[in-house]
Visitor: 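Submitted below is the structure of interest, expressed as structure tokens.
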Amino acid sequence: MSLSIKTPLIESLPLGRLNGTRIWMKMEAAQPSGSFKIRGIGYACEHHYGQGARRFISSSGGNAGLAVAYAGRKLNIPVIVVVPETTSERARNLLQLEGAQVVVHGEMWSEANQRALSLLTEQDAFLHPFDDPLLWQGHASMIDEVVAEGVNPDAVILSVGGGGLLAGVDEGLRRNGLDNVPIFAVETQGMASFNAALKAGKPVEVPTLTGVATSLGARQVCQQAFDLSKKRTITPVIVSDHEAVDACLSFLDDHHMLIEPACGASLAPLYGNKLNIESYKNVLVIVCGGSTATVNSLISFVG
Ligand SMILES: *Cc1c(COP(=O)(O)O)cnc(C)c1O
């Protein structure tokens, strides 16, 4: 059994035309929890369930928390998600709709996270949103599916928050013999903790996180994401919030799915034709998805 589904792999003719090559989109927005996160989190939850865990705990009010809630509902396991007061009504409602118990605690995420950790008993599993080898193994399955469909990407574009998606895609590429495929790692200006790590030569905490791409909001990337930059060509790309949101709206017009700015970030350099990728033959972009955006929130951002 797998809690994630096989998602469509679709060629984008508009993006191909714009960039002078073939662009393949892995449509993770079609996952039942709304984002790729269910791949890794579903994999980890099944693992913990097999080891005897009978409650799942998360401190993510975003797509990671939603994936834990979905996994719990499917495995018939109670889920507690501890979120800070700043978490939107919409996010809380989505979590409750999945059947999770939402506990609101503290003004900042760190306080909510501490409370979540304090609840842990031997029966519980805590699900980290990005820094966990089980997650990376689960995320890697998206690359298995691409290769199984006969597409061998020679470049990959993806968004980076804490670096779990990056680590998972790297693992997927490696286990399919695609060790030398370069990755374009995209962040928004206000959430550029991967870029900061590359500049500092190690993962560092960025002082503040700003902007609309909230799912990219990790103050510091995981060590694994940084270490990979020594083993594979990973090109950091930074886009503005406006470019990310514009890309969400263009993608909605072109491919009829609503995605978050965190995902629009990966599409933005393609819509802007900024990557010089004509020399690659099959470029894969991970359409990582996201449930927190609404059409109205995107439109009111662009004004
Ligand atoms: C979590 C998430 C990301 C970033 O993933 P990391 O593993 O934290 O790098 C990007 N986009 C969406 C929609 C997400 O939910």
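Residue indices begin at 1 and follow the sequence shown. Not measured: the values here are computed from a predicted model. Remember, it's 1-based here, ligands and their atoms both numbered in the order they're listed.
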Visitor: Atoms of ligand 1 less than 4.0 Å from Ala262 heavy atoms?
Guide: 11 (N)

Visitor: Which atoms of ligand 1 have any heavy atom of Val160 under 4.0 Å away?
Guide: 9 (O)

Visitor: Identify the residue among Lys231, Gln223, Gln224 that makes a side-chain hydrogen bond (donor to acceptor under 3.5 Å, both in side chains) with Asp227.
Guide: Gln223

Visitor: How about Ser2 and Ser4: does a side-chain donor come under 3.5 Å of a side-chain acceptor?
Guide: yes

Visitor: Just to check, does Leu166 reach to within less than 4.0 Å of ligand 1 when the distance is taken from its heavy atoms?
Guide: no

Visitor: Relative to the heavy atoms of Asn63, which atoms of ligand 1 are at a distance of less than 4.0 Å?
Guide: 13 (C), 14 (C), 15 (O)

Visitor: What residue and heavy atom of the protein are closest to atom 10 (C) of ligand 1, and at what distance?
Guide: Leu216 CD2, 3.6 Å

Visitor: Does a donor on one side chain sit under 3.5 Å from an acceptor on the other, for Gln220 and Ser193?
Guide: no

Visitor: Please tell me whether Tyr49 and His47 form a close aromatic pair, meaning their ring centres lie under 6.0 Å apart.
Guide: no

Visitor: Starting from atom 11 (N) of ligand 1, locate the nearest protein heavy atom and write down its residue, its atom name and how far away it is, to 0.1 Å.
Guide: Cys288 SG, 3.2 Å

Visitor: Of the backbone atoms (N, CA, C, O) and the side-chain heavy atoms from C-beta on, which set of Val221 has a member under 4.0 Å from an atom of ligand 1: side chain, backbone, both, or neither?
Guide: neither

Visitor: For a quick check under 3.5 Å, do Asn113 and Ser59 share a side-chain donor-acceptor pair by atom type?
Guide: yes

Visitor: Short list, please: which atoms of ligand 1 are under 4.0 Å from a heavy atom of Gly162?
Guide: 6 (P), 8 (O), 9 (O)

Visitor: Any luck finding a side-chain donor-acceptor pair between Thr87 and Arg92 under 3.5 Å?
Guide: no

Visitor: Got the closest protein heavy atom to atom 4 (C) of ligand 1, with its distance?
Guide: Gly161 N, 3.6 Å

Visitor: Near Leu165, which atoms of ligand 1 are under 4.0 Å from a heavy atom of that residue?
Guide: 6 (P), 7 (O), 9 (O)

Visitor: Applying a strict 4.0 Å limit to heavy atoms, is Gly289 in contact with ligand 1?
Guide: yes

Visitor: Tell me the closest heavy-atom pair linking Pro8 and Ala30, and the distance in Å.
Guide: CD-CB, 4.1 Å

Visitor: Identify the two heavy atoms, one from Ser12 and one from Met25, that lie closest to each other, and give their separation to 0.1 Å.
Guide: CB-SD, 3.7 Å

Visitor: Purely on distance, is any nitrogen or oxygen of Cys263 under 3.5 Å from one on ligand 1?
Guide: no

Visitor: Side chain or backbone, does Gly163 bring an N or O within less than 3.5 Å of an N or O on ligand 1?
Guide: yes

Visitor: For atom 2 (C) of ligand 1, what is the closest protein heavy atom, and at what distance to 0.1 Å?
Guide: Lys37 NZ, 2.5 Å

Visitor: Using side-chain heavy atoms (C-beta onward) and a distance below 4.5 Å, is Ile234 in contact with Phe194?
Guide: yes

Visitor: What protein heavy atom sits nearest atom 5 (O) of ligand 1, and how far off is it?
Guide: Phe36 CZ, 3.5 Å

Visitor: Within ligand 1, which atoms have a heavy atom of Gly164 less than 4.0 Å away?
Guide: 6 (P), 7 (O), 9 (O)

Visitor: Sub-3.5 Å donor-acceptor pair from the side chain of Glu187 to the main-chain atoms of Asn195, do we have one?
Guide: yes

